[in-house]
2 protein chains.
Amino acid sequence: MSRSPTPRRRATLASLAAELKVSRTTVSNAYNRPDQLSAELRERVLSTAKRLGYPGPDPVARSLRTRRAGAVGLVITEPLNYSFSDPAALDFVAGLAESCEAVGQGLLLVAVGPNRSVAEGSAAVLAAGVDGFVVYSASDDDPYLPAVMERHLPVVVVDQPRDVPGASQVRIDDRAAMRSLAEHVIDLGHREIGLLTMRLGRDWPHGPGPALADPERVRAPNFHVQCERIHGVYDAMTAAGLDPASLTLVESYEHLPTSGGAGADIALEANPRITALMCTADVLALSAMDHLRAKGIYVPGQMTVTGFDGVPEARQRGLTTVAQPGVEKGRRAGELLHNPPRSGLPVVEVLDTEVIRGRTSGPPA
Amino acid sequence: MSRSPTPRRRATLASLAAELKVSRTTVSNAYNRPDQLSAELRERVLSTAKRLGYPGPDPVARSLRTRRAGAVGLVITEPLNYSFSDPAALDFVAGLAESCEAVGQGLLLVAVGPNRSVAEGSAAVLAAGVDGFVVYSASDDDPYLPAVMERHLPVVVVDQPRDVPGASQVRIDDRAAMRSLAEHVIDLGHREIGLLTMRLGRDWPHGPGPALADPERVRAPNFHVQCERIHGVYDAMTAAGLDPASLTLVESYEHLPTSGGAGADIALEANPRITALMCTADVLALSAMDHLRAKGIYVPGQMTVTGFDGVPEARQRGLTTVAQPGVEKGRRAGELLHNPPRSGLPVVEVLDTEVIRGRTSGPPA
DNA sequence: TTGAAAGCGCTAACAG
DNA sequence: CTGTTAGCGCTTTCAA
């Protein structure tokens, strides 16, 4: 087996120093403090480094010494392949990656997820070489949160959960945003409303597919965001003199391409008089639209449909929805980690949203 | 400022050992080799660890000692926000993330990209605490490749460039795939063909927007993949007795939502008799389709359009294209890093593709 | 400008 | 089952 002229043993800063007959400090300075030695000596160091195949100070050893890892850890409990197919989550990751790149920090996707046990995932959190964590949209009893907290590193929580001690937060006002949207729907004249939402708890007491949600589950939700959005609808209904209890609430374990359509069926079966179908995510709404259309139900003529997020496809297809700044969320989360507030105290950043009145909402038939 | 009862100085394995009056080895074993000590002692170690707020062995120190970082570095030179909006790249990242998660490795997005200088990006590569790198679809003169090579770590290259010494490779047979697709188009009867492709070189000698490509640029391309696909079309043309020089070739600097449409205009202006517009990416083809339709040109009645990649939207819209296994690419790249071939020699894995005959190709008008 | 000394926090032999 | 001994490769006072 022919090998390149690499010494059998990896070159180190010490071996380089020995070769050059200078001290390790000098070599270190050549890399980290160019102003601490003559240009020519530095040149000599760098060139013999190249000759010996020395790639510069070992990142791990340096991190140990400087106590900085140069990376941010991202904890997303939802399956990654799912996150990567959810445009809203994607925007967030893109924004976070962008802000990390801007300051030369790496972004470490921590190996937590459904393919591994909670113990393994927690171990991955404890073993992550990072300077801080971003936790994205976790449930309030997320199994990895304890491990994240144990690390005693800076933490920024995005969307959920609320009330992580010591953690800064980036989110939107889900309740107010959803209320505005619901007001728009009610103003159009709708009285019988269905609401499709993601699962309200970590547990799933139903069979496969979406199911009517027990109002009980709204009261003790694991996902704060879902809950707030539901309450936003309640708020609008109450303000308009409608009975919130009349809302037909359907929860879906996850956002599959079929979830919206299946959820729509369940809602309409439970209450055939529904004229507006609100959804807590665009992907749900788009799926529902496709399904309704296939069944010959015209949107918005026979059914108003609304979403949440403002993903590109939704805008393109004219969905009435709430746009939230996904990329900006990621960016702000990163910045909060890179430039923590002077006070040292956690901050809460509430980003703006905007109701988009599209072509999928109109007066009831 | 009230503080939780955390000792001012972070607990370490040594301090824990001192507190317990056992050796450091014992504490280390409690975490790494549970079978090396009695269950009760281990319990005692773990519980006082919890009491002291010791989160377990420091990841960085452990990495230094074990020589394993527990993470894979991903180098994508294209802007991350772009990668995250390209469904094909996304599939790849999802597959890679999945394979990393399966073995408990983290995935580190290395901070290279257009917001930073080459020097900064290279520094990020040299400073990445990883056990290996995956390089995704880089040009043959990618500025970060040298830094990657310097690290002397295992490397897997995906798609491009070819011929990275010592690196394993995962790719498809772009030329054969594109040839099959072109054969389909030619079999339908098309003789005047346009081809829209991504930029052929790192440099961009044209103004903004797509432009007719100098055949010269096909000869010395920086992007092997593009070149192979073009040659696939040449192959099919030659085999069918057509003159490859008659191909109208348009290159576009990047894949913007408008690139396909603009490229189509340029191609049709250069040769109004074109009846088939092939594209080296689905996003280009979809954009072209939208644009043609807006101009009143019916697909496939008046114009055949084909893509490449087989992204969800393309399948959904019935685009005639080549499906390539994006997720599988990522997964295989990860596996190659996690379980390198026994031989120690680099391997080349060529994954399968499939021509999808959709509803956007038909006989010429 | 350069060098010597002192660890960062941990694991891996090896011995007891 | 437990402890002792040696570093992993680097940066950082502090002195020269």
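A note on names: the letters A, B, ... follow the listed sequences, proteins ahead of strands, and every chain is numbered from 1.
Under 4.0 angstrom from either OP1 or OP2 of C:dT2 there lies no side-chain N or O belonging to A:N29. For B:R42, no side-chain nitrogen or oxygen approaches OP1 or OP2 of D:dC1 to under 4.0 Å.
Note on B:Y31: nothing from the nucleic acid sits closer than 4.0 angstrom, heavy atoms only. When heavy atoms are screened at a 4.0 angstrom cut-off, A:V60 is found touching no nucleic acid atom at all.
Atom-to-atom, NZ of A:K21 to P of C:dA4 comes out at 14 Å; the value is rounded to the nearest Å. Atom-to-atom, CZ of B:R33 to P of D:dT2 comes out at 14 Å; the value is rounded to the nearest Å. Between B:R24 atom CZ and D:dT5 atom P there is a gap of 10 Å when expressed in whole angstrom units. If you measure from atom CG of A:L64 to atom P of C:dG9, you get 7 Å, rounded to the nearest angstrom. When rounded to the nearest whole Å, the span between CD of A:Q36 and C1' of C:dT2 equals 10 Å. Rounded to whole Å, the distance from CZ on B:R65 to C1' on D:dT5 is 11 Å. Taking atom CZ on B:R68 and atom P on C:dT11, their separation rounds to 11 Å, with Å as the unit. B:R62 places its CZ atom 18 Å from the P atom of D:dG9, with the value rounded to the nearest Å.
Comparing D:dT11, D:dA6, D:dT4 by their nearest atom to the side chain of B:S23 picks out D:dT4. Side-chain proximity of B:L13 to the nucleotides D:dT2, C:dC10, C:dG3 is greatest for C:dC10. Comparing D:dG9, D:dT12, C:dT2 by their nearest atom to the side chain of A:D58 picks out D:dG9. Picking from D:dG9, C:dG9, C:dT11 the nucleotide with the shortest atom distance to the side chain of B:A61 gives C:dG9. Closest to the A:P57 side chain, of the nucleotides D:dC10, D:dC8, C:dT2, is D:dC10. Between D:dG9, C:dT11, C:dT2, one nucleotide has an atom nearer to the side chain of A:L41 than all others, and that is C:dT2. Of the candidate nucleotides C:dT2, D:dG3, D:dT11, C:dT2 has the atom nearest to the side chain of A:T26.
Looking at B:S99 and B:E335, their side chains never bring a donor and an acceptor atom within 3.5 Å of each other. Side chain to side chain, A:N32 and A:R62 meet the donor-acceptor criterion of an N or O pair below 3.5 Å.
Evaluation of atom-type donor-acceptor distances gives no pair under 3.5 Å for the side chain of B:T66 against the base of C:dA12. A donor and an acceptor atom sit less than 3.5 Å apart, one in the side chain of A:T25 and one in the base of C:dA4.
With a 6.0 Å radius and a threshold of 12 heavy atoms from other residues, nucleotides or ligands, A:D163 has its CG atom at or below the threshold.
Between B:E101 and the options A:V110, A:V112, A:L109, A:N115, a side-chain contact (heavy atoms from CB on, under 4.5 Å) holds for only A:N115.
A:Y136 and A:F92 have parallel rings, their planes meeting at less than 30° on a 0 to 90° scale where 60° marks the start of perpendicular.
Put simply, the side chain of A:Q160 never gets that close to the backbone of A:S139: no donor and acceptor are under 3.5 Å apart.
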